[in-house]
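Below is one structure, written out as structure tokens; comments come after it.
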Protein chains: 2
Amino acid sequence: MDETDRLSKVFAALADPIRRDIVARLTEGDQGVGELAEPYDVSLQAVSKHLKVLEDAGLVTRTREAQRRPVHLEAEVFDLMTKWIERYRQQAEERFRRLDVLLERMKDEQDPHHARTTTRDEDAS
Amino acid sequence: MDETDRLSKVFAALADPIRRDIVARLTEGDQGVGELAEPYDVSLQAVSKHLKVLEDAGLVTRTREAQRRPVHLEAEVFDLMTKWIERYRQQAEERFRRLDVLLERMKDEQDPHHARTTTRDEDAS
DNA sequence: GTCGTACTCAACCGAATGGTTGACAAGCAG
DNA sequence: CTGCTTGTCAACCATTCGGTTGAGTACGAC
């Protein structure tokens, strides 16, 4: 499984509110499937499926401890997302910064053509 | 649309590799639908749909400029994700830090029961 | 061994997703 | 007005997704 694929699975896993909530609650410590399922108005099997999705995304691992199967959060995967987001956020912000500089320069030059249809997109191109 | 809903849509939008790539390319500047569609082996209509998903998630806005409809990246939405991720990442890391302290204390006390079946999950519970 | 606990697996179902093609709309260019 | 460009909308289709119920498995308690 390559990184693109992994990233897709992580984002898809966190697209579901129940799964996001499970991840949130797991930061408090490992929990069994039954405990995790309790707050939601769905069957235990449904939660078991959600956990499989989280596991496939690498967000969670499941071990065995007597009859219980404690679920453990693997927080390192967050890094993958954070890296992706930060990379493009920074690029986007850099672009906006350059745009601001450009606009500032245009203002300084007192450009008489400045009054023409100045849509944001035209400025940015 | 509440924040949970919004977050779900953003994550879902970025779960698709084509949509992630479009977002990445838009950091270079606004682009028309045709330009955006060119690299992918899917129809223009398919890309148009992808853009609608990104727009519904608030990641992108579409304006009109003659026949073209330039697509513009709204980088602020990244913040929503980053906040969510960071919150739980930090909680998770805090928990691991506490766990490390606990383990350290156990070691210091030279606990003679330490040799029993020591799975990672047991340690964490 | 038998019972209860804690789950998972399998089959099914309706809704959503990602793709297609075909028809339509909005705006220049002649 | 006609035609070309640039997209969108609508209908359809196969696959995936999130849920269900029912059966099965793994383990500890008795």
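Hydrogens, waters and symmetry mates play no part in the numbers below; they use all other heavy atoms, side chains included. To find a chain, count down the sequence lines: A is the first, B the second, and so on, and within it residues start at 1.
In this structure, A:L54 places its CG atom 10 Å from P of D:dG18, rounding to the nearest Å. D:dT5 atom P lies 18 Å from atom CD of B:E65, rounded to whole Å. Separating the OH atom of A:Y40 from the P atom of D:dG18 is a distance of 14 Å, rounded to the nearest angstrom.
The closest side-chain heavy-atom distance from B:I85 to A:I85 is below 4.5 Å. No side-chain heavy atom of B:H72 sits under 4.5 Å from any side-chain heavy atom of B:T63.
Summarising the geometry of A:F11 relative to B:L14, their closest heavy-atom pair is CD1-O, 3.4 Å, with the distance given to 0.1 Å. Heavy-atom minimum distance, B:T4 versus A:P17: CG2-CB, 4.2 Å.
Taking every heavy atom of residues 2-22 of chain B and every atom of DNA chain D, no pair lies under 4.0 Å. Contacts of residues 43-53 of chain B with DNA chain D (heavy atom under 4.0 Å): B:L44, B:Q45, B:S48, B:K49.
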Do any side-chain atoms of residues 44-53 of chain A form donor-acceptor pairs under 3.5 angstrom with protein atoms, and if so which ones, sequence neighbours left out?
| residue | atom | partner | partner atom | Å |
| --- | --- | --- | --- | --- |
| A:H50 | ND1 | A:R19 | NH1 | 3.2 |

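Partner B:L26 forms a side chain to side chain contact (heavy atoms under 4.5 Å, CB included) with one of B:L59, B:L36, B:L54 and no other, that one being B:L36.
Bracketed by its first and final contacts, the part of DNA chain C lying under 4.0 Å from non-hydrogen atoms of chain A reaches from C:dG4 to C:dA11 in 5' to 3' order.
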Worked verdict on B:R68 versus B:E35 for side chain to side chain contact (heavy atoms under 4.5 Å, CB included): CA-CA 10 Å; B:R68 298 181 66 254; B:E35 300 167 76; 2.5 Å; yes

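Legend: residues meeting ring-ring contact (aromatic ring centres under 6.0 Å, His included) with A:F78, ordered by chain and number and at least two apart, are absent. Considering only residues two or more places apart in sequence or on other chains, B:P39 meets the side chain to side chain contact (heavy atoms under 4.5 Å, CB included) condition with B:R25.
The closest donor-acceptor contact from the side chain of B:T27 to the backbone of A:Q91 lies at 3.5 Å or more, if one exists at all.
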